[in-house]
Protein chains: 2
Amino acid sequence: MSDLLERLRGRGWRMTAQRRVVAEVLDGDHVHLTADEVHARAVAKLPEISRATVYNTLGEMVTLGEVIEVSTDRRAKRYDPNAHRPHHHLVCARCGAIRDVHPAGDPLADLPADERFGFTVSDVEVTYRGICPNCAATA
Amino acid sequence: MSDLLERLRGRGWRMTAQRRVVAEVLDGDHVHLTADEVHARAVAKLPEISRATVYNTLGEMVTLGEVIEVSTDRRAKRYDPNAHRPHHHLVCARCGAIRDVHPAGDPLADLPADERFGFTVSDVEVTYRGICPNCAATA
DNA sequence: TCCTACAATGGACTAAGTCCAAGTCAAGTG
DNA sequence: CACTTGACTTGGACTTAGTCCATTGTAGGA
């Protein structure tokens, strides 16, 4: 049922009710939640869970590479459990809706050596912006 | 002397001492400043300028398309006056240093129609992450 | 069952940014 | 040039998102 939970367990994570609940929330199809949204859903399942724990747990999942932090809008970070398959994001500039997308080609390869300034480049994050069909309809 | 200032004037901006100072700060080679850094430098030239005005002015410049907002780290937004030439960013994951880069190819073209979900895609923002030479040396 | 190191709690704290009512002033008009 | 007016600025209170930490609780091994 919970792939995410399985993977975390396999890494020697100490399993607690709180961590299970956070993993379950992220593992649904409710992707791209903010930390507060995760907390709200977690509270529904485990009323006494604290905000600090949710932040800690999300942070650990990010460190373990099981969840990706996305900061597409300028407000809160969002958490994307779809970390096992590389992807990028398409964001509606009006309503903030987010879709996962898979562009052709490898943007990393598009950065020539003379544009790397001696950096060891390890990662690339691409955010497309535009207007979603919904917002376009109500323009 | 101040290209940015010239362009803004040409758009019917009401010119005030505050706006001039903010434009001057951004127009130097001091790129990628946070709003607070802009404010600090502005205060050096015009002691009574307020934080709110700096935020307002930066926001207007962004709206006019003369300045780009960059949120590479998860802290404060940074402001990049180099808006007239499309470019992307290379960020050091350790120290946060930022360089402008110009990748080959057009990432927008790499997003196939069937990955656009009906969005009208107008913009793309690419952030490369890695370790800068400085940080690599002191690893 | 008991221990103990790791985890959770919650409330105070910080950073970054927004809001607003009141005062100020740039620039067009006569 | 003086006047007028609506746009601009101010500063302080407020909000939002997130961090910190001392204390309390507990998972899981011996």
Side-chain angles (χ1 to χ4, degrees), chain A residues 5-6 8-26 32-64 66-80 96 98, chain B residues 5-6 8-26 32-43 45-64 66-80 96:
Chain A
L5 202 51
E6 282 314 310
L8 292 169
R9 200 195 301 276
R11 287 168 184 256
W13 239 34
R14 188 146 144 187
M15 194 46 59
T16 66
Q18 292 82 350
R19 288 178 169 187
R20 184 167 17 252
V21 163
V22 171
E24 281 172 9
V25 166
L26 279 182
H32 302 130
L33 299 173
T34 65
D36 258 4
E37 285 163 356
V38 172
H39 180 236
R41 290 173 196 244
V43 162
K45 299 175 179 237
L46 184 69
E48 66 278 22
I49 194 171
S50 77
R51 266 176 13 100
T53 297
V54 170
Y55 276 104
N56 288 342
T57 306
L58 289 172
E60 286 153 18
M61 287 176 176
V62 169
T63 300
L64 290 173
E66 291 295 346
V67 164
I68 291 173
E69 248 178 32
V70 186
S71 17
T72 49
D73 77 354
R74 278 67 178 207
R75 320 287 284 169
K77 299 175 209 168
R78 292 174 176 278
Y79 293 87
D80 184 341
I98 302 176
Chain B
L5 202 50
E6 282 313 312
L8 292 170
R9 201 195 301 277
R11 288 170 183 256
W13 240 34
R14 187 146 145 186
M15 194 45 58
T16 67
Q18 291 84 349
R19 289 177 170 187
R20 185 167 16 253
V21 164
V22 171
E24 280 171 11
V25 166
L26 280 182
H32 303 131
L33 300 173
T34 64
D36 259 3
E37 285 162 357
V38 171
H39 180 236
R41 291 173 197 244
V43 162
K45 299 175 179 236
L46 184 68
E48 66 277 23
I49 194 171
S50 78
R51 266 175 14 99
T53 297
V54 171
Y55 275 104
N56 288 342
T57 306
L58 289 172
E60 284 154 18
M61 288 176 173
V62 169
T63 301
L64 289 174
E66 291 295 345
V67 164
I68 291 173
E69 247 178 33
V70 185
S71 17
T72 50
D73 76 353
R74 278 66 179 212
R75 320 288 282 168
K77 298 174 210 169
R78 292 174 177 276
Y79 292 88
D80 184 341

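We use all heavy atoms of the structure for the numbers below, so side chains are in, but hydrogens, waters and symmetry mates are not. Reminder, nothing fancy here: chain letters follow the sequence lines and each chain counts from 1.
Rounded to an integer number of Å, the gap from CG of B:L58 to C1' of C:dG17 is 12 Å. The interatomic distance linking B:E37 (CD) with C:dA16 (P) rounds to 9 Å, in whole Å. B:I49 places its CD1 atom 17 Å from the C1' atom of D:dG12, with the value rounded to the nearest Å. Between the CG atom of A:L46 and the C1' atom of C:dA8 there is a distance of 10 Å, given to the nearest Å. D:dT26 atom C1' lies 13 Å from atom CZ of A:R20, rounded to whole Å. Look at CD on B:E48: it is 7 Å from P on D:dT10, rounded to the nearest Å. If you take CZ of A:R51 and P of C:dT9, they are 13 Å apart, rounded to a whole angstrom. Rounded to whole Å, atom P of D:dA27 lies 13 Å from atom CZ of A:R9.
One finds no side-chain N or O of B:Q18 lying less than 4.0 angstrom from the OP1 or OP2 phosphate oxygen of C:dC25. Put simply, A:R19 has a side-chain N or O that comes within less than 4.0 Å of OP1 or OP2 on C:dA7. Note on A:S50: a side-chain N or O is less than 4.0 Å away from OP1 or OP2 of C:dT9.
When heavy atoms are screened at a 4.0 angstrom cut-off, B:T16 is found touching the sugar-phosphate backbone but no base atom.
Between atom OH of residue A:Y79 and atom CD of residue A:E69 there is a gap of 4.5 Å, rounded to the nearest 0.5 Å.
Looking at which nucleotide of DNA chain D each of B:A17 and A:A17 is closest to, the 5′-most match is held by B:A17. Mapping A:E60 and B:R78 onto DNA chain C via the closest heavy atom, the residue that lands nearer the 5' end is A:E60. Residues B:N56 and B:W13 both approach DNA chain C. Their nearest nucleotides, taken by heavy-atom distance, put B:N56 toward the 5′ side.
Of all nucleotides listed (D:dG18, C:dA8, C:dT18), D:dG18 comes nearest to the side chain of A:A76. When each of D:dC20, C:dA27, D:dT10 is scored by its nearest atom to the side-chain atoms of A:A52, the top-ranked nucleotide is D:dC20. Nearest nucleotide to the side chain of A:Y55, out of D:dT19, C:dA16, C:dT9: D:dT19. Among D:dT16, C:dA8, D:dT19, the nucleotide with an atom closest to any side-chain atom of A:R75 is D:dT16. Checking C:dC6, C:dA26, D:dT19 against the side-chain heavy atoms of B:R14 singles out C:dA26 as nearest.
The closest side-chain heavy-atom distance from B:R20 to B:L5 is below 4.5 Å. Within the 4.5 Å cutoff, no side-chain heavy atoms of B:R19 are placed close to those of B:L8. Within the 4.5 Å cutoff, the side chain of B:W13 has no heavy atoms near those of the B:R9 side chain. Looking only at side-chain heavy atoms (C-beta outward), A:V70 and A:I68 come within less than 4.5 Å of each other.
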